[in-house]
**Student:** 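I'd like to ask some things about the structure below.
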Amino acid sequence: MQGVLGAFHELDSAIHAIEDLKKAKLGDITVFTPTPRHEFDHVLEHAPSKVRIYTLVMGLAGVTFGYWIPVWISDYWPLVVGGKAIATWVPFTILGFEVMVLIGGLSTVFAMFGFSHIPRLTMTVGYDPRFSSGHFGVWVETAPEQADAAIELLKKHGAEEVRRER
Amino acid sequence: MTKRRKWTAIPGLVVLAVGAVMLSAYSGASSSQNNSPVQPIAFPHPVHVQKLGMNCLYCHNAANKSMDPGLPAVSTCVGCHSMVGPDRPASDLGPARKSAEIQKLWNYADIKVPGAPLGPNAKPIPWVRIHKLPEYVHFPHTRHVNAGVTCQTCHGQVQKMDRVYQYASLNMGWCVSCHVNGYSPKEGQEAAGYEPQQVAPGQAVAPAAAAAASTERKKARYDCANCHY
Amino acid sequence: MATSASPLPGGQRPNIPSAAVRFPAVRSYEQVDNEIAGTLRPTLGWFAALGIAILCLLVGAATWTYQIHEGLGAAGYQPPVMWGVYIITFVFWVGIGHAGTLISAILYLFRAGFRTSIYRVSEAMTVFAVMTAGLFPILHLGRPWKFFYLIPYPNWRLIWPNPKSPLVWDVFAILTYLTISSTFLYIGLIPDIAILRDREKNPVRKSILSMLALGWRNSDREWRHFTRAYLFLAAFATPLVLSVHSVVSFDFAMALTPGWHATIFPPYFVAGAIFSGIGMVFTIAIPLRKAFKLQHYITLNDIDAAAKLCLFTSMVVGLAYLTEFQIAWVSGNKFEQDYFWNRVFGQWAWAAWIMLICNCVLPLSLFSQKLRRNTTWLFILSLFINLGMWFERFVIVVPSLSHEFEPWQWGSYRPTWVDYGILLGSFGWFFMWFLLFIKQLPVMAMMEIKEVVPPRFKHGHTDPHDLTADQIDPDQMGVAH
Amino acid sequence: MSQDTLKTGDKPTGVKRREFLKVLGVTGAAVSAAACSEDTGKLIPYLVSPDETVPGVSTYYATVCRECISACGVIAETRDGRVIKLEGNPDHPMSKGALCARGQAAPQGLYNPDRFRTPMVNEGGAWKAITWDDAVTRLATAVAGAKGKPSVFLNQHESGSFPRFLDSWLSSMGLAPHLSVDAEADQAAIEANRRSYGVAWPSLSFKDAKLIVSFGADFLDGWGAGVSQSLDFADARAKLDNAPRFVYIGARRSLTGLNADEWIACKPGSELSIANALAGKSSLEQAATDSGVPAAQLQRLAAEIGANKPLLALSGVTGDAALETALAVAALNQANGAVGVTIKPAQPVTSFEGIASTAQVLNAVEQMRGGSVGIAFVRGTNPAYTLPKSANFAEAFAKVPVRVSFSSFPDETTELCTLIIPDLHSLEQWGDAEPLRGTITLQQPAMDPVFPALKGSTADALIAAAKNPVGTYREWLMAQLPGGKPAIAAALPKGMMAGTLPARPTAPAAPIAARPSPASQGDFTLVTYPHALLGDGRGANKPWLQELPDPVSKVAWSSWVEIHPETAQRLGIDRGDVLEIKTATGSVKAPAFPYMGIHKDAVAIPLGQGHHATTAMGVFNPKKDAGTVQWGYGRYARDLGVNALDLLPVASNAAGGLVLDGMKVSIAKTGEHRTLPSTEGSARQHGRGIARAIEAAELNRPEQEEHEVLPGAASAEFLPGLRSPVAADAQGELGAPTAADQGKLKGMYDPNDVRGMAKRRWAMTIDLNRCTGCSACVTACYAENNIPTVGAAWQNATIWADARAGFNIERGREMNWIRLERYFEGNPDAKFGEDFETRFVPMMCQHCGNAPCEPVCPVYATYHAPDGLNVQVYNRCVGTRYCSNNCPYKVRYFNWFGYGEEDRKQYAFPEPLNWQLNPDVTVRGKGVMEKCSFCVQRIREAENRAAVEHRDLHGDEFTTACAQACPSRAITFGDAADPSWSVTQLIEDRRAYHVFEELNTFTAVVYLKKVNHSAGAAAPQA
């Protein structure tokens, strides 16, 4: 995988660079930013995250499981305590809730990992330590022949540094 | 970047470890099943039970009367073995020989010559215990024996064991599953290794035999206080 | 449509300008990194503090070993007071463990600005407090080596824990809470760890940080899912906070014991927990702010806001106390009335009054803005609040048990050195973790601070894009126009 | 648990290890639940198995109890050759199957760790263990040496043939006859009985009395034949119509006094004038002024006596006018038609015959002091302790060259001896007794001697020493008994035979030569009395009796000074303030116990504590001192409390009995404070209706309308409690799975829904009208259920912990599964003279149908068994103690230390006390909760027996330990779901109620209200 990486110090220059890159259709664009700026979402126009679906489904699965454990346990070895019914669903709501939160919460996290491809075993090309501190990075995945165009475009928008990677 | 890949294995290992722990806990790996210690005297159950046809209750005489099965007093052994000494003549049990084990018995019982009673310095035989329930478990042998549970159901076919070993796990789950699912005389017979007698069609069956062949499962209470108090 | 009205240029939602001046003294992203990551350099004072904490922990550990060897009688239990310092301290720590998630999750949903600078500290506090609290249910067992009987796992006994027991609810609630809150903390940490990773020179530390950062690279895709997941996690954590302390309160409310058997307990406990938690946040954040020279991040405005929350919860707690007495009064239940009389005017008056003064009287001083903005006073007050909240649990646990239905079995309670030793140990354990944390990982969420620090621009704010939007708005993330 | 391994076998204790191993090897002996090791250990078989015993099955021997002089017939339960429990002999006229706390504790004498394990000789001040034969030869030479010289033999009084054998032996050796000593017997009463009725002790019939008046006669705690008297008294009071009213006259309200309907608090020593006045010998006004009792009260009493014949008046006065009072009371009886009706000289209690008076003992002491005595013997009794210090027994005793002791324990007297040949315990030797004229009770050894080094009883030793041709004592004894061998063989199983023994010589009573003793000054009068449980002190070395709270003060492991709250307030004395009590002859220091039942000008101190070795020995340390002889009456008794006898001058009443009260004392605060080791939380009910009572008149009134709580309507509320939900019953024999609902509905959400309910429900009724508070049930429970005692000084923690006797009890850590609550009724801050009522409530696990303890347990360690038991599973318990917090009755007890683990210093059953452990009951380890199990082991035993015999349980087939022991038959146990059990009738009694019924716990224990007979109601409405 190869392409061109531009590092910007100013937010607006990066935004404009991206717009032009999109117009020029030079390839897929990935933006690196120290902190989430929704300007990028506006220009990149990505679809909303699907994480919420996992949260919902696994939450429901969790609450079901959370009710099922105590009921099964109680019936598995029926012992009367305090003259109460063997499977008393009312207090089991607590367990249901806790297990829902546990499974729902964890699966949300794992869904997030999955969608954003982490944990990532290798540092892919097209990343620079500066992007975690102060700089915005724009990575265009282009064929070598179009690379020069991309470089020129990024430079025009005032990228501090532009480099070609493979 | 191999270094990076290694650590992805860690969660997997953790999962495996947890699984293993649970499996061992579930399978009762902690119990002393199959433990078969060396006894001070290598008492041959097969000879006494199968060849000589002695009943379990002859020696373990309290099994049907008490919580404890009871253990033969040295005098019980000597009852026969003061005559049946170390010098064994040829018999259907084997050629003439000198039995080291009976000699040991004589040493414990302090007997020098055949026919002598227990000597003055007789001391009990320190048998090594094999089947042991924790003290907080109260197991009434009498109740089980009288309910027709054959000894072998729990102790295995001791009549075939040259050296007795712990047959069952004696785990709580093991006890309970029998109480819950029930026990039929037929299973008992099979466990004991007795052939169910063949009955020709139309031939009357002795009631005892019929009872022994019954497959009706009898269940038992399984609340904790049956055994734990 | 025919109308003379003219829309805003650009048709964008107008944004909150105030956010721009949250941290007047913070100019650039790099400054955030340098200043906050700069606090990670260990100092002599830190080593000293850590040493003391570990010493206390060792004392506690030794005491527990002795208690296990000798039997629980080594502690000061006096039947019918079958629960004592351990359960009191358990509830105390669980309570502390609430402010963290509250601040980070609930305030996050409410968009409370003052959250940004203190939530990392309080989340860490939460995790360690819950880790501490989690020890006590095991500590106070007669046979701690059998604690696994409480955990539902398939076993050859074929027998399981009793799901009707509040203590089993506790196991579930506390473990869930520990898992979720530590996940919450960790997720929030990932981007910051990435920052540290990129700054780190030492190869060993770098590789460790790389593992922890899970290869985070600040790509737009990562951020998109990250913010979404963070929002839902916060949405989950919020009811969890409320549920956990309610469950803890069930340990008491589900019992017949006069003084315990009350429906008000869940809200009462939650309020108390939040109150004590904020108290602990002050105890921790105020010295930290000084020691790390972060006054321009944890601004007086933030502290003032937190103090207001503290005042509010204090009044809620006070109301709960009054309600308890009122319930006893109108209930016409003799046992209940006897008990509450005994609580305030009898045997246990001293404890009850410590509780009332520390939790309901002193915090009233926060009506004065001068005091709200006086960190010294807040620190002192927070110590009183911690004390008062410990005694609140004391008043709930001990007097109730010592003065129950059966007069023949009325008794008293005097803890022994064993109880105090283990109490000390718990503080050692908590602060050991906390001190280790503050020198390994940033005590403030750098990336969230960057969110409210204006980025660098080339052509000022004349851009067709809404570049004045310095406030991140999770609901609008990734919404296409 | 490795108790049953060989490695513990080689400990050099004198115990018959082998026997013990046999036992433990084959039986799943009782050991700690916590210690569930994989160490399976060894199986040690018998050499020759005893014919009549089956391993793991109890064998029962009828024998005699020798703990007090009554000599009740008892049955010893033995398991694999060990006595594990004593129970009353149901056929015996004296005990009728009941047994008091002291009798229950006998095995702790048998297995007492401080018992002498070998004979010992004192050579040059150093003690040395010798063989039994050696000891006997030394005895023979000593006796030969003393021939012709005067001699003294002090023998603990006992009924039967041994005294006769002893005298014949002594005369054959040319020695003086023995003195039969008992420090507890009321010698004045005995002498008065002799003079008025011609017998030492007529049997009393409370049943036939219309009015009972007791002048300080504590017939429920130690005065006379305790068990039979309590049985009869309870029966009398249980008659709901015209039950006798009971008036107690005395300066101190004892346990007996607390059972009275009215207490007439007179000045100490003024009983005489009251008795005379009531008998019409003097004016009531005179009596009123002497006694400080309002005349009106006395007049009412006089009227009552006139109106309620026959009367039963008893005198147990111990002042110097004791004999005169007793005679006056006898006159009162004769005047009111008591003789032959309520007092039956025709059926004398023969065990009281032949007691030597204390005066005789003191004269013997003087004889010794004279220096002429050549040899002195002591057996069972402990004069160095039971005689006032002012008698200087030790100094006189020292003048005797040869001093032989046959005592089993290292007590004060034994320590002064030169030769010790320990007697066997009465459970190890042959003997006989005649408690009631015409009933010979046989004492047979229930087991081989615990310590094989002790080859024989005292009698055997004497025989051996005399080279006497009679052979063994057993042979001699058999020759004495009527009917010969066949009759005896027939009698042994029952332990009784008809016939009488030769009458015993009684020395004429004479007071000791009056000795000038300095007159004490002080504004208080001293009252001392034998401890209700420790008696004259002989019970002090038995942990059960030390642990058992005194029925009145509820104080354990300690002495106390009773003082009236009014006086205490006046002097600024608080409960627990250490007071110094001074007389001219001595002084003692003990904590104060403000008690409404003591005259405001008197202080009372119980006897029985304050045992000391001649040289101080320091706190016993189980790890180090286990091997050494524990002088001062053993590890459990030594240095506890004070001996009130130190205060007494040597003075005797006209009957020769020691004067125990009436001397002036001065009291002073020492400034010290000691919390009393008491099980009492609050002595008041605070209107919580735990112990309820009802006026007799009220009770006899016809039934009220329904909504009234009182009469039998109760059963409706009872149903749920006396039914129990079923689960975990695969067989369905108890109901559920085969019930109408197929076992689906196992709940009790609707208490009136009978589906899914069990066919069996173990339940219990406790009749508070019968209960006298004697606490025998508590000790019986300790014995049956292996309950540890926790009060010993060394049973606390180790580091920075308080090593004080009773400290665990101060902290409420006592383990009594059944406890006796003593609640005072009436004005809490009453001035002296205002009467008060006392109610005793035996409180144990109520086995609730809706048990609060059950749902809170996280591990199912406690749950509701299909047969209605609230079960505690020790091995499942993790010790969260939540169950106890949630128990309204507070009847759950926690093992704070390893009381049941033999390697702990807190171990409650040091060798050989652990021989007594009940193999059917798990000994609890540290960190687990325990509580009353309704003797589930007995239930299982019965169920097993029934199952093996292919039958159902019979009604009243067995009962719990407490119910069995109860000397007043207050407790009834049974299956509430099966009408063939008598408990089902009692539940329907109109006095029945549940404690804390409003909590909907649906308890299985039903209490029957106490019935009061107040003064007003007492007037016979004919």
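The structure displayed is predicted, hence computed values, not measured ones. We name chains A, B, ... by the order of the sequence lines, and we start the count at 1 in each one.
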**Student:** Looking only at heavy atoms, which of residues 413-425 of chain C get nearer than 4.5 Å to chain D?
**Tutor:** C:T416, C:W417
**Student:** Between C:I68 and chain D, with a heavy-atom cut-off of 4.5 Å, which part of the residue counts as in contact: side chain, backbone, both or neither?
**Tutor:** backbone
**Student:** D:R819 versus chain C, heavy atoms under 4.5 Å apart: side chain, backbone, both or neither?
**Tutor:** side chain
**Student:** Less than 4.5 Å to any heavy atom of chain C: does that hold for the side chain of D:E814, its backbone, both, or neither?
**Tutor:** side chain
**Student:** Which bit of C:F252 is near chain D, if near means a heavy-atom gap under 4.5 Å: side chain, backbone, both or neither?
**Tutor:** backbone
**Student:** Chain C heavy atoms under 4.5 Å from D:R813: which part of the residue, side chain, backbone, both or neither?
**Tutor:** both
**Student:** With a 4.5 angstrom heavy-atom cut-off, could you sort out which part of C:W260 is near chain D: side chain, backbone, both or neither?
**Tutor:** side chain
**Student:** Can you tell which part of D:R876 gets under 4.5 Å to a heavy atom of chain C, answering side chain, backbone, both or neither?
**Tutor:** both
**Student:** Please state whether the side chain, the backbone, both or neither of D:L820 comes within less than 4.5 Å of a heavy atom of chain C.
**Tutor:** backbone
**Student:** Tell me, for D:K905 versus chain C, whether the close heavy atoms (under 4.5 Å) come from the side chain, the backbone, both or neither.
**Tutor:** neither
**Student:** Which pair of heavy atoms, one from D:V878 and one from C:K146, lies closest together, and at what distance?
**Tutor:** CG1-O, 3.4 Å
**Student:** Mind ranking C:G411, C:S165, C:G71 by heavy-atom pairs under 4.5 Å with chain D and telling me who comes out on top?
**Tutor:** C:S165
**Student:** Between D:Q685 and chain C, with a heavy-atom cut-off of 4.5 Å, which part of the residue counts as in contact: side chain, backbone, both or neither?
**Tutor:** backbone
**Student:** Given that the side chain runs from C-beta out, which part of D:L999 has a heavy atom under 4.5 Å from chain C: side chain, backbone, both or neither?
**Tutor:** side chain
